[in-house]
Amino acid sequence: MDSRLISVDRWAQGSQVYFLTHLHADHTKGLSSTWARGPLFCSRLTAKLFPFKFPDLDLSLLRILDIGRWHSLSLVSHSGSETTFQVMAIDADHCPGSVMLLFRGEFGCMLYTGDFRWEATSERAKKGRDMLLSALKDDVVDTLYLDNTYCNPSYDFPSRQLAAQQVIDIIVSNPEHDIIIGIDTLGKEDLLLQISSVLKIKIWVWPERLQTMHLLGFRDNFTTNSTLTRVRAVPRYSFSIDTLEGLNTSHPTIGIMPSGLPWVRRPVEQNGDIFGSFLRNRYKRGKCSAQGEIQTLERIHQYMYSVPYSDHSNFAEIEDFVKLVQPTNLKGIVSSSSCYVEPIYYFGRLCGANQSTSQLRNRHKRKGSDEMVGTVCPDASYGDNNFVGSERKRGKTLKVKFSGVRLSRLSILRRKNHRGAKIVENNSDDQNS
DNA sequence: GCGATCAGAT
DNA sequence: CACATCTGATCGC
């Protein structure tokens with residue numbers, strides 16, 4: 001089979017079928033309302049949300065993938081031969097509509113997690129686990145494309161349920177304060193719902209976000225009337241410490257930033273350690289305190305709190321997932337993340353083929369392997385499929401090796417000290433709900 | 001003017 | 001350092 005006939009979260013020309021794991025902007029980069037390169041497969045909920053983000057997109061291109069069901073699709077290779085493959089969507093528990101994608105075909109068996117959270121404590125994750133295991137049966141996952149956003153042992157944040165409780169605690173212990181919570185256009189709904197139901201209050205959201213909430217079926221917990229509540233969820237980018245200081249001149253207000261990432265500025269400590277001085281500083285305290293009870297809640301400013309509420313898996317969860325899947329090969333899909341190290345560095349010993357880091361430089365060898373590699377193409381800005389290895393050297397130097405054409409990308413990013421993800425479009429027309 | 005890409009900020 | 005996302009500038013058509 002020709003390579004690149006299937007694209008996942010990648011919208012360049014040349015594929016016959018396209019898959020979207022979820023509707024976050026960094027996964028739809030290259031997708032626009034005029035896009036029409038082929039059928040676009042996604043979950044039912046993602047399809048429902050689609051018109052909101054891409055009002056003019058031709059909806060007849062959308063194909064629904066039912067969660068937990070194998071779908072059979074066929075492709076015609078450039079040489080003219082037809083081939084079929086199967087795909088199953090499994091709940092990724094990252095944001096509404098998000099799925100992992102399991103592929104099975106002559107190229108082998110591949111699992112693409114998209115962004116995912118694998119919370120051992122959540123009912124949803126257990127369901128996903130059962131679904132995944134029964135789908136895999138005795139199949140071996142040849143390649144696992146893994147959300148390695150927080151693939152570093154330093155990332156040790158708690159469950160979202162617990163982090164949400166921390167937010168509630170802040171709200172309760174500041175009864176006279178207005179509360180502002182930074183969120184994005186999709187995601188963190190469960191946090192807001194938990195606050196709303198535990199405290200029995202509505203939460204203010206901006207008008208477009210209310211429409212999204214209604215689409216998701218949440219009717220009663222949200223409002224656009226700010227006189228009804230002291231808790232407001234606002235676009236994350238729209239407020240800063242400066243904004244908060246301004247607000248506090250008229251009314252006591254506390255800001256809460258839910259994120260798996262620390263929000264504090266880096267205390268300078270050069271030691272060349274692989275985990276980096278920054279992470280070490282943030283988490284050292286928590287890790288050394290009472291057994292497993294991590295206190296990562298931080299008051300980073302007089303009016304600002306950072307809460308470790310993350311829609312990505314922490315390191316332990318990623319590790320659990322890799323242990324469960326036991327893939328032959330493993331690739332990170334987030335190359336510009338805090339994880340400078342390919343996940344195989346940490347998990348090589350857990351993989352079926354018992355790989356070592358040195359194997360990063362070799363393409364996986366099996367029947368038809370040359371065709372398999374590159375068949376599923378993660379978005380280049382994230383998941384460099386051509387990324388074959390990385391190593392950290394002493395000090396701050398990072399050496400990255402690429403195979404193939406995209407040699408310059410990361411090195412350019414590094415030179416400019418700048419990240420690659422760019423927004424193409426965000427149309428949120430005020431229509432329907 | 002529009003889409004794509006980049007730059008910068010939070 | 002970086003999450004994911006926004007605004008605004010610039011380039012090519």
Side-chain angles (χ1 to χ4, degrees), chain A residues 9 11-13 22-36 53-54 56-57 94-95 98 114-117 147-152 154-155 157 163 180 182-188 206 208-209 234-244 255 257-283 300-301 304 306-314 332-341 379-382 392 395-398 409-410 412-428:
Chain A
D9 293 349
W11 310 101
Q13 216 166 10
H22 64 291
L23 260 178
H24 276 158
D26 53 329
H27 291 250
T28 56
K29 193 160 58 76
L31 185 58
S32 73
S33 288
T34 58
W35 186 89
K53 196 139 193 178
F54 299 100
D56 299 325
L57 188 101
H94 168 71
C95 72
S98 67
D115 290 349
F116 82 123
R117 178 98 203 229
D147 171 15
N148 56 314
T149 304
Y150 295 129
C151 189
N152 182 310
S154 304
Y155 285 119
F157 41 78
I180 284 182
I183 61 168
D184 295 314
T185 51
L186 194 62
K188 311 258 193 302
W206 63 101
E208 293 82 1
R209 197 61 158 96
V234 305
R236 186 170 40 140
Y237 54 87
S238 74
F239 85 106
S240 60
I241 285 173
D242 284 349
T243 323
L244 269 181
M257 276 295 175
S259 171
L261 267 184
W263 237 65
V264 285
R265 247 150 264 130
R266 169 176 47 175
V268 181
E269 177 193 26
Q270 287 302 341
N271 58 11
D273 189 279
I274 189 166
F275 298 141
S277 53
F278 176 70
L279 293 171
R280 179 175 283 275
N281 266 295
R282 183 183 183 202
Y283 288 99
I300 62 173
H301 177 266
M304 182 76 91
S306 172
V307 178
Y309 188 101
S310 169
D311 286 325
H312 294 274
S313 301
N314 65 30
I333 61 175
V334 185
S335 61
S336 60
S337 81
S338 51
C339 173
Y340 282 102
V341 187
D379 177 3
S381 71
Y382 268 115
R392 192 172 269 268
K396 303 179 77 173
T397 318
L398 175 71
R409 184 170 185 102
L410 191 54
I412 289 169
L413 292 182
R414 282 184 48 74
R415 254 202 308 279
K416 297 197 169 178
N417 200 17
H418 184 269
R419 195 166 164 270
K422 298 299 178 273
I423 302 312
V424 170
E425 158 155 3
N426 178 51
N427 291 330
S428 42

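Remember, it's a predicted structure, so these values are computed and weren't measured experimentally. To find a chain, count down the sequence lines: A is the first, B the second, and so on, and within it residues start at 1.
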Visitor: What is the separation between atom OH on A:Tyr155 and atom P on C:dC1, rounded to the nearest whole Å?
Guide: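 Rounding to the nearest Å, OH of A:Tyr155 and P of C:dC1 are 12 Å apart.
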
Visitor: Should the pair A:His24 and A:His94 be assigned to parallel (<30°), tilted (30 to 60°) or perpendicular (>60°) ring geometry?
Guide: perpendicular

Visitor: Return the set of residues passing salt bridge (charged side-chain N to carboxylate O under 4.0 Å, His left out) with A:Asp147 (not counting sequence neighbours), or none when no residue passes.
Guide: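 Result, salt bridge (charged side-chain N to carboxylate O under 4.0 Å, His left out) vs A:Asp147: none returned.
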
Visitor: Which listed nucleotide (C:dC6, C:dC3, B:dA4) is nearest to the side chain of A:Thr149?
Guide: C:dC3

Visitor: For a quick check, tell me whether the side chain of A:Arg236 and the base of C:dC3 share a donor-acceptor pair closer than 3.5 Å.
Guide: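 Yes.
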
Visitor: Nearest-Å distance, CZ (A:Arg117) to P (C:dA4)?
Guide: 13 Å

Visitor: So, OP1 or OP2 of C:dC3: does either fall under 4.0 Å of a side-chain N or O from A:His312?
Guide: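 So the side-chain polar atoms of A:His312 never come under 4.0 Å of the phosphate oxygens OP1 or OP2 of C:dC3.
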
Visitor: Between atom CG in A:Asn148 and atom P in C:dC3, what is the gap in whole Å?
Guide: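 Value for this atom pair: 10 Å.
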
Visitor: Would you mind reading off the distance between A:His24 atom NE2 and C:dA2 atom C1', rounded to a whole angstrom?
Guide: 16 Å

Visitor: B:dT10 P sits how many Å from A:Asp242 CG, rounded?
Guide: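 Atom-to-atom, A:Asp242 to B:dT10, this comes out as 8 Å.
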
Visitor: Checking A:Ser238 now: which residues fulfil side-chain contact (heavy atoms from CB on, under 4.5 Å) with it, not counting sequence neighbours?
Guide: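 A:Ser238: side-chain contact (heavy atoms from CB on, under 4.5 Å) contacts with A:Val234, A:Pro235.
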
Visitor: Tell me the interatomic distance from A:His22, atom NE2, to C:dC3, atom P, rounded to whole angstroms.
Guide: 13 Å

Visitor: Any salt bridge between A:Arg117 and A:Asp311, counting N to O under 4.0 Å?
Guide: no

Visitor: Round to the nearest Å and state the distance from A:Asn152 atom CG to C:dA2 atom P.
Guide: 12 Å

Visitor: Please state how far atom OH in A:Tyr237 lies from atom C1' in C:dC6, giving the value in whole angstrom units.
Guide: 6 Å

